[in-house]
Amino acid sequence: MSKVTPEHLARQAVVYIRQSTPDQVVKNLESKRRQYNLPERARQLGWSDVAVIDDDLGRSGGGVARPGFEKLLAAICEVRVGVVVSIEASRLARNGRDWHTLLEFCGLVGTLIADEDGVYDPRQPNDRLLLGMKGTMSEMELSVLRQRSLEALKQKARRGELFMTVAVGYVRVGHNRIEKDPDRRVGEAIALVFAKFTEMQSVRQVHLWFRHERVPLPAATYGAEGRLVEWKLPVYNTILHILTNPIYAGAYAFGRTGSRISIEAGRKKVVRGFKKERKNWEVLIPNHHEGYLSWADHERNIGLIADNANGKNPMSRGALRRGEALLAGLLRCGHCGRKLHVAYSGKDGNTGRYHCRGGANNHGGDPCISFGGMRIDRDVAAEVIERLQPLGIEAALAAQATRSRANEDKRGQVELALEQARYEVGRARRQYDAVDPDNRLVAAELEKRWNDRLAVVRNLETELEGLTASPAVDLTPADRERMMTLGADLERAWSSAGVLPETRKRIVRTLIDEIVVRVEDNTLDLVIRWHGGDHSALKVKKNRSGQHRWSAAGETVDLVRVLARQMPDKAIASVLNRSGKTTGRGNGWTKSRVCSLRSHNDIAAYREGERRDRGEVTLDEAAAALSVSPSTVRRLIKDDQLAASQLCKGAPWIIKAADLERPDVKRAATARRLRRPPSGTPLQKELEV
């Protein structure tokens, strides 16, 4: 008895086509042809309306999202499908969830399932059992095959012989070995990346240098002709990959990335490419092949890159940044253990201040410590200079060598590019000579390629001429002598106007690994951890709260404190200017500046009449009380006949009113008045005693 009924034939037949990977789609052509011939099988079974669903070509049936399979289930639920045709059960699903969902839906609406072995009705117990076993076997087959293939790959990787792809700069030798690319241009370009990172110590700076100098890097591409090397300007990830890939350090590594499986919308989602920590790598074989740098240099580069990662690791030093703060990224709080940050202020934006606010930002607590950066930068720089002083001459010689080959790196790359371009011209010319001249379609294209290669050669020759004709960078004897002098006097070289802050920071980071700082009263207690493991202690004086380098001198503040009890702010400004006092920034005094100084130092403003309340009089008031001139009062003070005080030259004299009532002061004032020479005015009367 046939399982195919007129009810089934009245519906549509659906052929489901799937291959697991894109590589199978490209290479397993016979399987694809067999599946695309299945509509003929459906017509032999009696269906005239046949549809093909091939949306899942290149998708695994192991449980990931499949739009074609979802489309098939939707059509079955709409009772539009009479039969589902596939080459075998594994094409429909490789996991129990999808397989049993398909069987359940087909059983509910009466849809048949057909493959090359026969036709099955999920509503019949025997067919349902057989289909269930086929689904289970399909799922088990996938698991077994995957496990076998993975174990075989791992076994080969443990021997260091598994190479899925080969990094640019290396070529495959046989099936299980690699060696350096014999192309000298490729090798020197890779070596240049490591040389520039050693010089700049920043992935971003190396990337910017290659882009700015227009120096291309090789990239591996795969096409019909196999693996090819293409030259193009690098992106950031290209530089980062070269610097972090252990293959360039002569090591073989396998299993550096992993995958994560999650469930979204009821389906398995696999996300691949997550980087593992080195301790979790499957295989790591040092000294496996010839490298472009040593393993120790590779480890140093990895450490520098990790230190430069500001956002990933809060405990890292961070990359060099703009700003005058010398110790940015090196300071760690001795109270809470967090890294100190820098805040810039001031009109020029160069006044740096170190602060620890991690607890306040993360947990809403109080700020930890904060202090100005000028003194600590200066004292730590002195410690660095003291240790570098014996190496000054050697540093000067190294600077000469670095400057003498300033553009040699780029020139070398252009020369190699020109050599390769000339080879390409010769190759294009040989191809053009080999073609039949009458075959214009081919000859015209080859002629165009030849001309394009010639244009590249002309551009490279022009660029090389420009680099060759540029001014020589060799030092003159005078320049060499000056650099040697600076090498002997490293402190003067350090403070030279031509030295950039980034250069000083790089020098400090080369010597210092970390500085732990604690604030005790008005002192900064530092513990400097030098590279190599040595430690040294340093104490730096800390400004009191409100004190900074632009603060007015202490004697000026004391003077204003006394003057504020004698006169208003405008008169105080006049006294300060007459006495030569200036503000912290070297400006003259005004009423508003005096007012600001008083407010900052909690000095009360002058109140009219407060001198009288204290029983004090001015010089003019004393002269009026004694009926003498102010100059006479000054002479009385000079001769110690009248007690008075003056804080500084130009400041007002402070005289007690009670002292003016003393008999000896009155007699002295009268005697001074009698000795006064007579006036030449005839109307002037004489004082009767």
- Item | Residues that Pro286 engages under side chain to side chain contact (heavy atoms under 4.5 Å, CB included), provided they are two or more places apart | none

- Answer with yes or no whether the side chains of Asn245 and His241 bring together a donor and an acceptor at under 3.5 Å. yes

- Item | Derivation of the side chain to side chain donor-acceptor pair (under 3.5 Å) call for Asp297 and Ser294 | CA-CA 5 Å; Asp297 291 338; Ser294 66; 3.1 Å; yes

- Query: Between CG of Asp56 and NZ of Lys71, what distance do you get to the nearest 0.5 Å?
  - Reply: 9.0 Å

- Sort out for me which residue in Asp55, Asp98, Asp54 forms a salt bridge (charged side-chain N to carboxylate O under 4.0 Å, His left out) with Arg66. Asp98

- Pairs meeting criterion ring pair (Phe, Tyr, Trp, His ring centres under 6.0 Å) with involvement of residues 7-34, two or more places apart: none

- Message: Between Arg227 (side chain only) and Val166 (backbone N and O only), is there a donor and an acceptor less than 3.5 Å apart?
- Response: yes

- Item | Within residues 274-291 or reaching into it, pairs that qualify as side chain to side chain donor-acceptor pair (under 3.5 Å) - sequence neighbours excluded | Arg278-Glu299

- Item | Side-chain heavy atoms of His298 within contact of Tyr248, under 4.5 Å | no

- Ion pair check, Glu116 and Arg34, cut-off under 4.0 Å: yes

- Query: Out of curiosity, Phe197 CZ to Leu240 CG, how far, rounded to the nearest 0.5 Å?
  - Reply: 9.0 Å

- Message: Treating Arg211 as the side-chain partner and Pro234 as the backbone partner, does any N or O pair qualify as donor plus acceptor under 3.5 Å?
- Response: yes

- Item | Side chain to side chain, Val83 and Val14, heavy atoms closer than 4.5 Å | no

- Query: Do Ile113 and Val85 come close enough that some side-chain heavy atom pair is under 4.5 Å?
  - Reply: no

- Minimum side-chain heavy-atom gap Val52-Ile17 below 4.5 Å: yes

- Task: Answer yes when Glu461 and Arg422 have at least one side-chain N-carboxylate O distance shorter than 4.0 Å, and no when they do not.
- Result: yes

- Task: For residues His212 and Trp209, establish whether the separation of their ring centroids is below 6.0 Å.
- Result: no

- Message: Has Lys32 got a side-chain atom pairing as donor or acceptor with Val25's backbone, closer than 3.5 angstrom?
- Response: yes

- Query: Among pairs that include at least one residue of residues 117-163, which meet ring pair (Phe, Tyr, Trp, His ring centres under 6.0 Å), considering only residues two or more places apart or in two chains?
  - Reply: Phe163-Tyr252

- Task: Would you check if the side chain of Tyr292 reaches a backbone N or O of Glu188 as a donor-acceptor pair within less than 3.5 Å?
- Result: no

- Please say whether the positively charged group of Arg430, taken as NZ for Lys or CZ for Arg, lies over the ring of Trp450, i.e. under 6.0 angstrom from the six-membered ring centre and within 45 degrees of the axis. no

- Rounded distance [0.5 Å steps], CZ in Arg80 versus OG1 in Thr111: 10.5 Å

- Task: Quick one: pull up CD in Glu230 and CG in Leu217 and give me the separation to the nearest 0.5 Å.
- Result: 12.5 Å

- Item | Sidechain-backbone polar pair: Gln24 side chain, Ser20 backbone, donor-acceptor under 3.5 Å | yes

- Message: Determine whether a donor-acceptor pair (N or O, by modelled atom type, separation under 3.5 Å) exists between the side chain of Gln19 and the backbone of Asn28.
- Response: yes

- Distance col, row Cys106:SG vs Ile76:CD1, nearest 0.5 angstrom, shows 4.0 Å

- Stepwise, does the side-chain contact (heavy atoms from CB on, under 4.5 Å) test hold for Lys154 with Phe254? CA-CA 8 Å; Lys154 290 180 180 179; Phe254 175 77; 4.2 Å; yes

- Which pairs count as ring pair (Phe, Tyr, Trp, His ring centres under 6.0 Å) when at least one residue sits in residues 74-97, sequence neighbours excluded? none

- Query: Ignoring hydrogens and geometry, is there a side-chain-to-backbone donor-acceptor pair from Lys3 to Val119 under 3.5 Å?
  - Reply: yes

- Query: Does a side-chain N-to-carboxylate-O contact under 4.0 Å join Glu78 and Arg11?
  - Reply: no

- Sequence neighbours left out, what passes ring-ring contact (aromatic ring centres under 6.0 Å, His included) with Trp99? Give chain and number order. none

- Item | Rounded distance [0.5 Å steps], CZ in Arg453 versus CZ in Arg427 | 7.5 Å

- Message: Main chain of Asp121, side chain of Asp127: is a donor-acceptor contact present, judged purely on distance under 3.5 Å?
- Response: yes

